[in-house]
Amino acid sequence: MSRFPRTPVDEGAYDRSRLRQWLAGEARAEGVARRDLLRLGAAAGAAVALPTALPSPAVAAAQAAPDVPTARPAAAPGIVKPLPPDLFTVHGTNAETRFQALRGTGPHTPADRFFVRNHTSTPVLDPATWSLRVWGSGLDGGEREFGLDELRALPATECGAFVECAGNARSFYATQQGEPVSGTPWGTGAVGNARWRGVRLGEVLRRAGITRRAVDVMPRGLDDAYVTDDGTSYGRVRRPMPVAKALDDVLLAYEMNGEPLPYDHGFPVRVLAPSWVGIASVKWVGDIEVSAEPLYSPWNTVLYRLFGSAYPPEGSAPLTRQTLKSAFELPLDAELRAGRTHLLTGRSWSGGGGIAGVEVSTDDGAHWAPARLLDRPRADNWSRWSVSWRPTAKGRTRLLARATDVRGTTQPATSVHNEQGYLFDAVIRHPVTVT
């Protein structure tokens with residue numbers, strides 16, 4: 001069983017290079033409107049203005065498909081698994097984990113309470129007929145197909161890693177900072193941490209004949225095409241990544257927490273791109289293009305870039321690494337009794353590495369105390385923490401948790417605003433009432 005190497009990927013340099021190549025007519029942008037390409041062309045012309053980094057920012061049953069519930073909740077169209085209201089908040093085709101439902105679950109999120117981010121509907125695929133097509137100009141010898149049995153016969157890799165939507169905690173731009181944003185109003189529950197098993201993408205690409213000409217790798221899902229409210233079809237979800245990332249730590253996962261992937265989480269095979277924004281971890285992968293020319297899709301042009309007054313008119317580089325966050329395993333506006341000792345628990349995570357420390361304030365930031373870390377710092381994983389609190393004064397207050405990762409990045413008091421509400425990283429002010 002192999003484990004990942006850790007080699008750096010210069011994400012900012014990668015994007016600036018792609019922009020210059022597009023301007024020179026050497027890049028292809030499938031499904032992106034002309035007006036958006038013109039905006040990207042402007043970005044390439046002023047490449048020096050782009051940031052070089054994001055802001056602080058059962059195995060035996062593996063061949064059998066999961067059971068499909070006989071009924072789907074009407075409030076969550078296209079999601080297969082049950083969504084009990086004590087575990088989830090439904091946002092259209094998406095389901096957010098109630099963060100308090102994670103208390104006592106251990107470091108890995110159980111599949112029954114792992115959040116669901118769907119652009120359309122969960123496809124129910126037959127593993128006996130599924131195959132992965134690897135193709136493109138960056139291969140030597142033409143396309144190659146891999147069946148599920150063939151993938152499972154390759155050397156297996158296991159890793160723990162969180163998956164998080166880029167818009168997680170988006171709602172706090174409005175409720176905490178008074179700044180409007182668009183998109184699903186996620187709280188803190190668009191994230192889950194699991195133990196994944198599969199084959200390294202690099203292993204599959206080498207067997208498919210990847211060449212030195214290859215520059216981009218683009219997985220594509222088998223869910224339905226995404227159509228916007230104005231009727232524009234973006235096609236199936238797909239997003240390119242640099243070859244350096246694809247060959248580093250990306251996994252083609254077929255198990256989650258020791259069981260076959262559930263339908264809603266990518267069965268039979270999904271991409272796992274550790275520490276990157278969730279859109280890079282394409283579910284239900286059906287084909288992977290390996291290209292000798294740069295690639296763009298709507299998911300790294302009009303979506304998953306940062307736009308707003310703090311960024312160039314053409315927007316930031318496409319989002320890659322996740323940012324730093326903390327959350328209490330406690331409902332918002334919870335009531336706690338005065339004169340009793342309460343064990344406050346929570347979790348912190350960072351795309352920049354493991355968590356080195358967490359501080360907690362129980363008086364709206366006036367004073368801070370270190371929390372007890374329950375997990376050692378590990379890249380790509382979150383850390384659980386706890387702190388005891390015995391309140392004496394009754395009334396409203398706000399609890400704050402502030403994490404620092406192994407790179408020395410600490411959560412700021414406010415997050416830099418962007419129009420689509422991505423990468424909220426500020427300390428969250430969690431309201432409670434002491435009674």
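For reference, positions follow the sequence shown, starting with 1.
D126 pairs by the side-chain contact (heavy atoms from CB on, under 4.5 Å) definition with A128, T129, not counting sequence neighbours. In this structure D333 satisfies the salt bridge (charged side-chain N to carboxylate O under 4.0 Å, His left out) test together with R396, sequence neighbours excluded. Taking the salt bridge (charged side-chain N to carboxylate O under 4.0 Å, His left out) definition, one finds that D364 meets it with R398, sequence neighbours left out. Residues passing the side-chain contact (heavy atoms from CB on, under 4.5 Å) test with E179, sequence neighbours excluded: Y173, Q177, H417. When the side chain to side chain donor-acceptor pair (under 3.5 Å) test is applied to S361, the partners found at least two apart in sequence or on another chain are D363. Under the salt bridge (charged side-chain N to carboxylate O under 4.0 Å, His left out) criterion, K325 pairs with E164, sequence neighbours left out. Qualifying side chain to side chain donor-acceptor pair (under 3.5 Å) partners for S383, counting only residues two or more places apart in sequence or in other chains: none. Among residues two or more places apart in sequence or in another chain, the side chain to side chain donor-acceptor pair (under 3.5 Å) test is passed with Y422 by none. Looking at residues two or more places apart in sequence or on another chain, you find no side chain to side chain donor-acceptor pair (under 3.5 Å) involving T188. Not counting sequence neighbours, E419 has no partner by the salt bridge (charged side-chain N to carboxylate O under 4.0 Å, His left out) test.
At distances below 3.5 Å, at least one donor-acceptor pair connects side-chain atoms of N168 with backbone N or O atoms of A190. R378 contributes no side-chain N or O that, together with a main-chain N or O of G354, makes up a donor-acceptor pair within less than 3.5 Å. Checking side-chain atoms of Q420 against main-chain N and O of L303 turns up no donor-acceptor pair under 3.5 Å. A donor-acceptor distance shorter than 3.5 angstrom exists from the side chain of Q411 to the backbone of A403, with no hydrogens or angles considered. R270 places no side-chain N or O within donor-acceptor distance of the main-chain N or O of L251, the cut-off being under 3.5 Å. Between the side chain of S297 and the main chain of R238, a donor-acceptor pair closer than 3.5 Å is present. Remark: side-chain polar atoms of N381 are paired, donor with acceptor, to backbone N or O of A379 under 3.5 angstrom. No donor-acceptor pair under 3.5 Å is formed between the side chain of R402 and the backbone N or O of T410. The backbone N or O of T109 sits less than 3.5 Å from a side-chain atom of N257, completing a donor-acceptor pair.
Screening residues 97-118 for salt bridge (Lys or Arg N to Asp or Glu O under 4.0 Å), with sequence neighbours left out, gives no hits. Note on residues 313-335: pairs passing ring-ring contact (aromatic ring centres under 6.0 Å, His included), not counting sequence neighbours, are F328-W385, F328-H430.
Within the 4.5 Å cutoff, the side chain of M241 has no heavy atoms near those of the D216 side chain. Considering only heavy atoms from C-beta on, V285 stays 4.5 Å or farther from L222 through its side chain. No side-chain heavy atom of E255 sits under 4.5 Å from any side-chain heavy atom of W196. Considering only heavy atoms from C-beta on, T228 comes within 4.5 Å of Y234 through its side chain. Counting heavy atoms from C-beta outward, L332 and P431 have side chains that approach closer than 4.5 Å.
Between the side chains of R390 and T341, a donor-acceptor pair is found at a separation under 3.5 Å. Using modelled atom types and a 3.5 Å distance limit, the side chains of T345 and E329 yield a donor-acceptor pair. In summary, the side chains of T120 and D224 do not present any donor paired with an acceptor at a separation below 3.5 Å, with no hydrogens or angles considered. A donor-acceptor contact under 3.5 angstrom links the side chains of D380 and S275, judged on distance only. Between the side chains of T122 and D264, a donor-acceptor pair is found at a separation under 3.5 Å.
Ring geometry for W186 against F115 counts as perpendicular: the plane angle is over 60°, on a 0 to 90° scale with 30° as the lower cut. Between F172 and F424, the ring planes lie tilted relative to each other; the angle falls in the 30° to 60° range.
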I355 and S350: CA distance, side-chain angles, deciding distance, side chain to side chain contact (heavy atoms under 4.5 Å, CB included) verdict: CA-CA 7 Å; I355 299 299; S350 172; 4.1 Å; yes
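In this structure, W389 and T397 approach most closely via the heavy-atom pair CH2-CG2, 4.0 Å.
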